[in-house]
Amino acid sequence: APAAWADAADPGGQRPAFAAAIGLRGGYGAEYLGADRRVVDANPAVYLRYGRVSISSASGLVDRRNDDVIRGLGIDLSRSEATRVGLSLRYDAGRSSAGKEGLAGIGGVSSTLRVRASVQRRFDGGFRLGAALNTDALGRDGGSVVELSAGVQRRLAAQWRWSAAATLSWGSERYMRSYFGVGADEANAAGLAPYLPPSGWRDVGLATQLRHDLSARWSVTGGVSIDRLLGPARDSPFTHSATNPGVSFGLIYWL
């Protein structure tokens, strides 16, 4: 579920040439896609931007002007207020099966670099529509994911902002087989039937979040989300819970 960074003092004014922030973000949710075990996750977050170029250790964030923050090394390709186009490169750690309930005997997914191209269209009233292509730049196990989104942001009071979003994701055959498939060797080791899923819709999700600006430099966020695996992902032999609720939190300080 997303967290948000923003500054009550400058919600939509002229963007400064440089911005920097540190913070903490985390949540409580499924250990991996399809797991029934829930875990708590908390990590430091760093954001730096100069002009159109930015680097961030976290995704699902917005900056002082409520523009989306691109995870990894990103570049803003559009200056239009109505249409935003971005490109980013980030490290993907893949997935380790070690110590994870339900993945005994299932091989891991290799780490790689991923390229993400995105476009977002903004409308009056805080409504937004978006689309993104996220693909394995090194041609390893990662495959490709297409993400479609629709959302809204509203300022409820001077220091309070509410947002909500719906997302729909599609995975390529390589992605689906890496994250949800069971090969012949894995089937023997895990005691499962072989499963080679095709490309298809991966999941649909809903999330809502409330942010409180404590000052011009400090903000806290809290949110809830629910995600439902679809089609080939839902039918995987090691999908133990197709519906995955979660909660998120964030704390940010602008430098």
Side-chain angles (χ1 to χ4, degrees), residues 1-8 21-47 56-63 66-72 90 92-93 95-96 99-103 126-128 130 132 134 145 147-157 159-169 179-180 201-215 217-230 233-234 236 238-254:
W5 297 353
D7 182 2
I22 57 174
L24 179 72
R25 69 182 303 269
Y28 175 76
E31 187 176 28
Y32 61 88
L33 287 175
D36 56 6
R37 181 184 179 185
R38 303 292 184 259
V39 296
V40 176
D41 179 47
N43 294 288
V46 177
Y47 169 64
S56 174
S57 64
S59 60
L61 311 174
V62 295
D63 66 11
N66 297 314
D67 294 336
D68 289 338
V69 169
I70 301 173
R71 182 181 174 187
R90 68 174 177 86
D92 180 356
R95 186 190 67 199
S96 171
K100 292 184 173 64
E101 287 187 6
L103 292 182
F127 293 99
R128 302 179 180 189
N134 187 328
V145 176
E147 305 159 352
L148 306 176
S149 64
V152 62
Q153 286 189 356
R154 296 284 172 81
R155 184 174 290 279
L156 304 180
Q159 286 81 35
W160 291 92
R161 182 175 290 272
W162 168 79
S163 64
T167 58
L168 178 65
S169 300
Y179 281 92
F180 298 99
W201 296 110
R202 184 190 70 179
D203 61 348
V204 60
L206 296 172
T208 185
Q209 180 180 261
L210 194 63
R211 189 192 79 233
H212 179 54
D213 298 317
L214 301 173
S215 69
R217 293 194 178 273
W218 286 98
S219 293
V220 294
T221 66
V224 295
S225 65
I226 188 166
D227 181 89
R228 174 73 179 179
L229 294 180
L230 304 173
R234 180 193 58 214
S236 171
F238 55 83
T239 291
H240 303 288
S241 177
T243 302
N244 299 290
V247 298
S248 66
F249 63 86
L251 174 68
I252 184 66
Y253 177 76
W254 285 93

Test side-chain contact (heavy atoms from CB on, under 4.5 Å) on F249 and L24; report intermediate values, then the result. CA-CA 8 Å; F249 63 86; L24 179 72; 4.2 Å; yes
Yes or no on side-chain contact (heavy atoms from CB on, under 4.5 Å) for V247 and R38, after CA distance, side-chain angles and deciding distance? CA-CA 11 Å; V247 298; R38 303 292 184 259; over 6 Å; no
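Listed for the R217 side chain is no donor-acceptor partner under 3.5 Å among the backbone atoms of L214. Looking only at distances, no side-chain donor or acceptor of S241 sits under 3.5 Å from a matching main-chain atom of N244. Judged by distance alone, with hydrogens and angles left aside, the side-chain atoms of R95 form a donor-acceptor pair with the main-chain N or O of Y179 at under 3.5 Å. Looking at T239, its side chain does come within 3.5 Å of a backbone N or O of A233 through a donor-acceptor pair. At least one donor-acceptor pair under 3.5 Å links the side chain of T221 to the backbone N or O of G250. Remark: the backbone N or O of S225 is not paired with any side-chain donor or acceptor of T208 at under 3.5 angstrom.
To the nearest 0.5 angstrom, R211 atom CZ is 10.5 Å from Q159 atom CD. One finds the OG atom of S163 at 11.5 Å from the CZ atom of R154 (value rounded to the nearest 0.5 Å). The CZ atom of R202 sits 7.0 Å away from the CD atom of E147 when rounded to the nearest 0.5 Å. Between the CZ atom of R161 and the CD atom of Q153 there is a distance of 5.5 Å, given to the nearest 0.5 Å. How far OH of Y28 is from CG of D41: 13.0 Å, rounded to the nearest 0.5 Å. With values rounded to the nearest 0.5 angstrom, D203 atom CG is found 4.5 Å from S169 atom OG.
By the side-chain contact (heavy atoms from CB on, under 4.5 Å) test, S149 is found to be paired with T167, residues two or more places apart in sequence or in another chain being considered. D92 is linked by a salt bridge (Lys or Arg N to Asp or Glu O under 4.0 Å) to R114, counting only residues two or more places apart in sequence or in another chain.
Within the structure, no pair that satisfies the salt bridge (charged side-chain N to carboxylate O under 4.0 Å, His left out) test touches residues 242-253, not counting sequence neighbours.
Here the shortest heavy-atom pairing between A30 and A35 reads CB-O, 3.9 Å. Contact detail for L206 and A166: the closest heavy-atom pair is CD2-CB, 3.6 Å. Nearest heavy atoms, S248 versus Q209: OG-OE1, 4.4 Å. Summarising the geometry of I252 relative to A21, their closest heavy-atom pair is CD1-CB, 3.5 Å, with the distance given to 0.1 Å.
Ring planes of W254 and Y47: perpendicular class, angle over 60° (limits at 30 and 60°).
Checked by atom type, the side-chain pair T243/R228 shows a donor-acceptor distance below 3.5 Å.
Of the charged side-chain nitrogens involved, at least one lies within less than 4.0 Å of a carboxylate oxygen, so that R37 and E31 count as a salt-bridged pair.
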